[in-house]
Amino acid sequence: ALENTTSSLTEDYLSIKYPLVQKKQNVLINAAVLPDANLVAAIKKLKSNQALSSEDSIIAYRIGGDDLDKIAEESPENMTEIEYKEPIDKIENVCDLYLMNESILMRDFDCLTQDRKSAKISKTNQVIAAENIFIEEGAIVEYATLNASKGPIYIGKNAEVMEGACLRGGVAICEGATVKMNAKIYGATTIGPYSKVGGELSNVVIFGYSNKSHDGFLGNAVLGEWCNLGADTNNSNLKNDYSEVKIWSYAAESFVPTGQTFCGLFMGDHSKTAINTMLNTGTVVGVCANIFGAGFPRQFIPSYTWGGKNYQIDTAIETAVRVYARRQKEFTEVDETILRTVYANTHENREKGKF
């Protein structure tokens, strides 16, 4: 919608993989703010040294290339603020990733499908509200049940929904993703590119190249990239006493209330569970954790832990190389540097947990 080159202003250790593209004029947008048509229009109207703000938050600002090198966490001086009076959607805590998925999914569906025609829906499928279903060319959807009466269903390019699967919108199955046979997917759920899912999912966000291929329940959850849930992995998303769920906060270094009664699993990139893993309500898992063993794991599992012990970085790198190769992807020196940096940065979490 912005019709421009995009890039990232991020942490130093991530900037090699996600570099900043510097131009004569640059628009910096708060990544926590979620776009809509009105907001995009307001951002496109910004002139040099103008900022768009809402209450106490800067949404975006436009600056020259020479000033870009001076940017810290706050907006530069001599910036003219323009108040944006429309309501905004903003990610303020980790639960918002699944809580706001329904409204954002519907917004993205309208944007992606505007003035476009869906591929033909095979007659082998059971379909409700076909007008709310969009299938990209190259996708395979046969003998499935697609119910878009409560929200849209989007099937990306070269994705596959196998026979017997039941999808109840709003649901997005992104490019190259696979929904296994007899899977049950409730909205609002987004399955990222080239991920594979099976079993039962409800209000889940899964990023790219992750697998939950087998039976088991996943609800009110967020999985990063390159995760793998072993067969019959289940997560609880509601406490037996229906009380508020607390989750681990890296910033507070303690468990903090979420304000939610439904809250499941948050898993960082490259983490994995063994078969029959049972995860408690509000479990937070770091990067490159390998979860196995009897009983329920802790509700906070630090990065680079292996079944309750310290997970050596070299072993984690070797695993990542093999995982990438299985998907015909190259694990580069940049990828390795990122994982080694995360390992160093999360040492204190493992020490405090006595792993």
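For reference, positions follow the sequence shown, starting with 1.
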Checklist line | From CA spacing to verdict: ring pair (Phe, Tyr, Trp, His ring centres under 6.0 Å), Phe262, Tyr242 | finding: CA-CA 9 Å; Phe262 284 95; Tyr242 295 76; 8.0 Å; no

Short side-chain to backbone donor-acceptor contact, [X] and [Y], under 3.5 Å:
| X | Y | result |
| --- | --- | --- |
| Ser15 | Tyr18 | no |
| Arg107 | Ala37 | no |
| Asn290 | Ser271 | no |
| Asn132 | Gly151 | no |
| Ser7 | Val21 | yes |
| Lys23 | Val27 | no |
| Arg116 | Leu112 | yes |
| Asn234 | Met278 | no |
| Thr319 | Thr315 | yes |

Separation between [atom1] of [X] and [atom2] of [Y], rounded to the nearest 0.5 Å:
| X | Y | atom1 | atom2 | value |
| --- | --- | --- | --- | --- |
| Asn30 | Leu52 | CG | CG | 11.0 Å |
| Lys24 | Gln22 | NZ | CD | 12.5 Å |
| Asn203 | Thr190 | CG | OG1 | 9.0 Å |
| Leu46 | Thr80 | CG | OG1 | 10.5 Å |
| Glu136 | Cys174 | CD | SG | 10.5 Å |
| Asp89 | Asp96 | CG | CG | 9.5 Å |

Are the side chains of [Y] and [X] in contact, using a 4.5 Å heavy-atom criterion?
| X | Y | result |
| --- | --- | --- |
| Leu218 | Leu265 | yes |
| Glu253 | Glu348 | yes |
| Ile291 | Val285 | yes |
| Leu39 | Tyr84 | yes |
| Val256 | Asn93 | no |
| Val284 | Ile301 | no |
| Leu229 | Met267 | yes |
| Arg168 | Lys150 | yes |

Looking just at side-chain N and O atoms, do [X] and [Y] make a donor-acceptor pair shorter than 3.5 Å?
| X | Y | value |
| --- | --- | --- |
| Glu160 | Thr178 | no |
| Ser57 | Lys90 | yes |
| Asp335 | Thr332 | yes |
| Ser210 | Ser195 | no |
| Arg350 | Thr346 | yes |
| Ser122 | Glu142 | yes |

Hydrophobic cluster membership, with links at side-chain heavy-atom distances under 4.5 Å among I/L/V/M/F/W/Y: are [X] and [Y] in one?
| X | Y | value |
| --- | --- | --- |
| Met106 | Leu146 | no |
| Leu14 | Ile313 | yes |
| Ile173 | Met181 | no |
| Ile58 | Leu9 | yes |
| Ile63 | Leu20 | yes |

Heavy atoms of other groups near [X] [atom1], more than 12 under 6.0 Å:
| X | atom1 | answer |
| --- | --- | --- |
| Ile275 | CD1 | no |
| Gln25 | CD | yes |
| Lys17 | NZ | yes |
| Asn240 | CG | no |
| Glu131 | CD | yes |

Next item on the list: Sequence neighbours left out, what pairs pass ring pair (Phe, Tyr, Trp, His ring centres under 6.0 Å) with at least one residue falling in residues 121-154?
Entry: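 Of all non-adjacent pairs touching residues 121-154, none passes ring pair (Phe, Tyr, Trp, His ring centres under 6.0 Å).
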
Check: Pairs in or reaching into residues 200-222: which pass ring pair (Phe, Tyr, Trp, His ring centres under 6.0 Å), with residues at least two apart or in two chains?
Finding: Tyr194-Tyr209, Tyr209-Trp226

Next item on the list: Output, in order, the C-alpha distance, side-chain angles, deciding distance and verdict of side-chain contact (heavy atoms from CB on, under 4.5 Å) for Thr305 and Asn310.
Entry: CA-CA 5 Å; Thr305 51; Asn310 200 340; 5.8 Å; no

Notebook entry, point to check: Relative to each other, are the rings of Tyr304 and Tyr311 parallel, tilted or perpendicular (30° and 60° limits)?
Noted result: tilted

Show the nearest heavy-atom pair for residues [X] and [Y], with the distance to one decimal.
| X | Y | value |
| --- | --- | --- |
| Thr258 | Glu244 | N-OE2, 3.4 Å |
| Arg62 | Ser48 | CD-N, 3.5 Å |
| Asn280 | Pro297 | ND2-O, 4.4 Å |
| Ile155 | Ala139 | CG2-CB, 3.8 Å |
| Gly187 | Ser202 | O-OG, 4.5 Å |
| Ala289 | Pro302 | CB-O, 3.9 Å |

Item checked: Phe300 and its ring-ring contact (aromatic ring centres under 6.0 Å, His included) partner, picked from Trp248, Phe266, Phe255 ->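 The option that passes is Trp248.
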
Note to self: Taking the basic N atoms (NZ, or NE/NH1/NH2) and the acidic carboxylate oxygens, is any pair closer than 4.0 Å for Arg340 and Asp314?
What the structure shows: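 Looking at Arg340 and Asp314, the cut-off is met.
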
Item checked: Val179/Met162 under side-chain contact (heavy atoms from CB on, under 4.5 Å): CA gap, chis, key distance, verdict -> CA-CA 6 Å; Val179 178; Met162 294 183 179; over 6 Å; no

Next item on the list: Using the side-chain contact (heavy atoms from CB on, under 4.5 Å) rule, take Ile59 and Ile88 through it: C-alpha gap first, then chi angles, then the decisive distance, then the call.
Entry: CA-CA 9 Å; Ile59 299 172; Ile88 61 170; 4.0 Å; yes

Margin query: For Thr281 and Leu238: C-alpha separation, side-chain torsions, deciding distance, then whether side-chain contact (heavy atoms from CB on, under 4.5 Å) applies.
Written below: CA-CA 6 Å; Thr281 317; Leu238 177 67; 5.8 Å; no

Margin query: Set out, in order, the CA-CA distance, both residues' side-chain angles and the distance that settles side-chain hydrogen bond (donor to acceptor under 3.5 Å, both in side chains) for Glu81 and Ser53, then state yes or no.
Written below: CA-CA 6 Å; Glu81 287 194 21; Ser53 64; 3.2 Å; yes

